[in-house]
Amino acid sequence: MRFPHRLRRELMSPRWYLWGLAGLLVGGIIHILIVLSVPTQVPFNIFDKVARFGPDRQFHMLPPVLPRTEPLVDLDPAMRHAICRYQLDEGPILVRAEVSSPFWSVALFNREGQTIYSLNDRTADKGEISMLVITQQQLAILRENPPADLEEMIIIETEEVDGFALLRAFVPSAAYEPQVLDGLERAECTSRINQI
Amino acid sequence: MTKMPKMPSLALLKQPQEPFFDPETSWQKPWPRVSRLLYRTSLFSFGPFVFFLLVTIVFGVGSAYMALTKSSPFEALQSGVWVAHPKAGTDAADPYSAAIFARTLRIPLGSGEGLAFYAVVDDRGRLLNPSCTYTIAGKTPPARVWTLTAVNQQLELLATDAGRSYLNSENLLRDKDGSFEITASQDARPGNWLPTGSAGGLVFALRLYDTPLTTGAGIAGPQMPSIRRGDCQ
């Protein structure tokens with residue numbers, strides 16, 4: 001008889017509502033903190049995952065996209081891919097590619113796996129893409145003693161030091177596969193800018 | 001009507017004793033200022049605080065979990081049942097899609113490459129079922145090349161008997177007006193056959209390469225193929 005009365009009086013007190021309201025507000029803050037910290041705090045990182053294809057600063061052909069052995073998530077099985085991981089503090093990187101395929105493209109990703117630049121073969125000059133990925137300081141140094149063909153390159157100035165380049169080439173049918181693979185194998189991801 | 005407070009019968013028996021109060025020496029005594037900690041209170045006086053902690057954790061962590069697993073990125077470009085997220089996976093992405101992409105390690109298509117549309121339901125709003133036959137018919141928005149892929153709900157490729165689970169725009173039978181009709185089924189079909197697998201749900205991914213949709217031209221109402229459900233096994 002006494003307890004329910006006390007319980008009712010206890011629950012009716014504004015303390016419960018005020019603490020509950022505070023809980024909702026602090027819960028909203030925790031929600032925002034969790035969402036914002038996920039991209040940097042995930043234990044598995046796309047940049048580390050890409051490292052297992054081979055050493056940095058050269059293109060590695062990815063295995064064909066087949067069920068259960070997909071090299072990366074959400075790749076197109078109708079395409080063949082080559083990947084090149086780089087860290088710009090070891091010097092700028094020059095990506096050169098020429099693939100004979102109805103469609104091929106190059107995309108640059110940052111450390112979190114977001115595209116920072118992408119282009120396809122329609123923008124290529126004479127069928128070849130030559131792309132210089134460089135930081136602002138490195139570009140200032142390079143401009144003092146510019147290589148002869150600096151003007152012909154697509155210069156991508158970026159603050160993202162870590163990243164990777166992904167080259168995609170469309171294979172319309174199995175008959176195209178040898179020439180597409182040949183183009184992907186000849187693709188260059190190099191730091192030797194002056195010796196072109 | 002005035003409300004009369006009910007007087008407990010115990011209160012009549014126990015008269016509150018007037019504490020001894022001597023005005024001369026009262027400044028020496030702690031009384032009536034007794035520490036709050038010495039008062040007798042109910043056992044669950046910290047109940048509201050426990051309630052606060054519970055609300056904080058359940059609401060904060062739960063809503064973040066739901067937002068990152070069940071929801072989809074913002075700024076969707078939707079046409080019929082096909083949904084694309086042109087901003088997701090770029091460095092201009094909203095925090096939710098950035099977190100979703102970081103958790104799933106998805107490789108997005110850059111805006112200079114193309115745009116990927118995904119369909120989860122058919123034209124009548126029913127979830128796609130891998131044991132059903134679907135007819136995908138119509139036209140796509142202008143694109144140099146496009147591919148249509150059958151994946152499961154985790155966006156993994158489906159293992160099929162045919163050894164492929166995709167079709168591309170180069171090897172397609174079309175009508176005179178350029179429209180096409182694709183049959184997605186587990187078993188071989190005449191015409192354009194898109195083999196599908198058997199387990200893990202079904203999602204169609206239509207990737208348009210080199211399309212004016214990503215450059216901002218003709219964003220309004222792109223024409224997308226329809227998905228009609230046929231027989232189910």
Side-chain angles (χ1 to χ4, degrees), chain A residues 6 10 13 15-16 18-20 22-24 26-40 42 44-46 49 65-68 70 72-79 102-103 105-110 112-123 160 166 168 170 172-173, chain B residues 42 44 47-49 51-65 67-68 89-91 93 95-96 98-114 116 144-145 147 149 151 154-160 164-168 170-171 197 205 207 209-210:
Chain A
R6 274 183 59 192
E10 177 75 15
S13 75
R15 295 199 301 164
W16 285 89
L18 291 177
W19 278 107
L24 287 185
V26 178
I29 293 170
I30 286 180
H31 172 98
I32 292 170
L33 285 181
I34 289 177
V35 169
L36 288 182
S37 64
V38 159
T40 50
V42 278
F44 39 84
N45 190 334
I46 188 77
K49 193 181 180 188
V65 183
L66 294 173
R68 288 194 278 274
E70 294 171 74
L72 294 169
V73 183
D74 209 15
L75 292 181
D76 193 334
M79 298 241 166
F103 174 89
S105 63
V106 183
L108 295 179
F109 294 83
N110 64 11
E112 282 83 41
Q114 299 170 326
T115 52
I116 53 173
Y117 191 82
S118 59
L119 81 179
N120 62 50
D121 57 319
R122 183 152 293 180
T123 39
E160 308 271 2
L166 181 68
R168 307 176 207 247
F170 177 55
S173 62
Chain B
S42 59
F44 287 103
F49 184 67
F51 178 61
F52 159 78
L53 287 182
L54 264 175
V55 168
T56 303
I57 291 168
V58 170
F59 177 71
V61 178
S63 65
Y65 178 78
L68 297 190
T90 68
D91 47 1
Y96 288 93
I100 292 170
F101 274 66
R103 277 186 80 243
T104 53
L105 302 184
R106 276 169 70 178
I107 296 287
L109 273 183
S111 62
E113 300 177 298
R144 181 138 54 105
V145 165
T147 63
T149 313
V151 292
Q154 277 72 46
L155 301 182
E156 296 160 341
L157 277 183
L158 295 176
T160 62
R164 67 178 171 92
S165 57
Y166 63 95
L167 278 175
N168 66 50
E170 305 281 301
N171 308 323
R207 295 187 177 90
Y209 292 100
D210 197 8

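Chain identifiers are assigned alphabetically (A, B, ...) following the order of the sequence lines, protein sequences preceding nucleic acid strands; residue numbering begins at 1 within each chain.
Pairing each heavy atom of A:S118 with each of B:S111, the nearest pair is OG-N, 3.3 Å. In terms of heavy-atom proximity, A:H31 sits nearest to B:A64 at ND1-N, 3.1 Å. A pairwise comparison of heavy atoms in A:I34 and B:G60 identifies CD1-O, 4.4 Å as the closest pair. For B:P108 against A:G113, the heavy-atom pair with the smallest separation is CD-O, 3.6 Å.
Interface residue B:T149: only side-chain heavy atoms are found under 4.5 Å from chain A. Both the backbone and the side chain of B:V61 come within contact range of chain A, judged by heavy atoms closer than 4.5 Å. In this structure, the portion of A:V106 lying under 4.5 Å from any heavy atom of chain B is its backbone and not its side chain. The part of B:A67 that comes within reach of chain A is its side chain, from C-beta onward, which places non-hydrogen atoms under 4.5 angstrom from that chain. Within the 4.5 angstrom heavy-atom criterion, atoms from both the backbone and the side chain of A:F103 approach chain B. Contact annotation for A:Y117: neither backbone nor side-chain heavy atoms come within less than 4.5 Å of a heavy atom of chain B. Interface residue B:R144: only side-chain heavy atoms are found under 4.5 Å from chain A. Looking at A:V42, the atoms closer than 4.5 Å to chain B (heavy atoms on both sides) all sit in the side chain, from C-beta outward. Looking at A:L36, only its side chain comes within 4.5 Å of chain B, counting heavy atoms on both sides. For B:L109, the parts lying near chain A are the backbone and the side chain together; criterion is any non-hydrogen pair under 4.5 Å. Looking at A:I46, both its backbone and its side chain come within 4.5 Å of chain B, counting heavy atoms on both sides.
Side chains of B:Y166 and A:D76: no donor on one and acceptor on the other come within 3.5 Å.
When A:T115, A:V73, A:L166 are each tested for a side chain to side chain contact (heavy atoms under 4.5 Å, CB included) with B:I107, only one passes: A:L166.
Residues B:F101 and A:P39 fail the side-chain proximity criterion, which asks for heavy atoms closer than 4.5 Å. A:I30 has its side chain within reach of B:T56: a pair of non-hydrogen atoms, C-beta onward, lies under 4.5 Å apart. A:S173 is listed as a side-chain neighbour of B:N171, based on a closest heavy-atom distance under 4.5 Å. Contact annotation: the side chain of A:V38 approaches that of B:L68 to within less than 4.5 Å [non-hydrogen atoms, C-beta and beyond]. A:E112 is not listed as a side-chain neighbour of B:D91, based on a closest heavy-atom distance of 4.5 Å or more. Looking at B:N168 and A:M79, their side chains never come closer than 4.5 Å, going by heavy atoms from C-beta outward.
Take A:A22 and apply the side-chain contact (heavy atoms from CB on, under 4.5 Å) test, not counting sequence neighbours, and it matches B:F52. Residues satisfying the side chain to side chain donor-acceptor pair (under 3.5 Å) test with B:R164, not counting sequence neighbours, are none.
Here the CD-CD distance, from A:E70 to B:E156, works out to 6.5 Å after rounding to the nearest 0.5 Å.
Between A:W19 and B:F49, the ring planes lie perpendicular to each other; the angle is over 60°, past the 30° to 60° tilted range.
Interface check for chain A: of the options B:R106, B:R207, B:E170, the most heavy-atom pairs under 4.5 Å are formed by B:R207. Of the residues considered (B:I100, B:L157, B:L158, B:V55), B:L157 shows the highest number of contacts with chain A, using heavy-atom pairs under 4.5 Å.
For the pair A:N120 (side chain) and B:G112 (backbone), a donor-acceptor distance under 3.5 Å is present.
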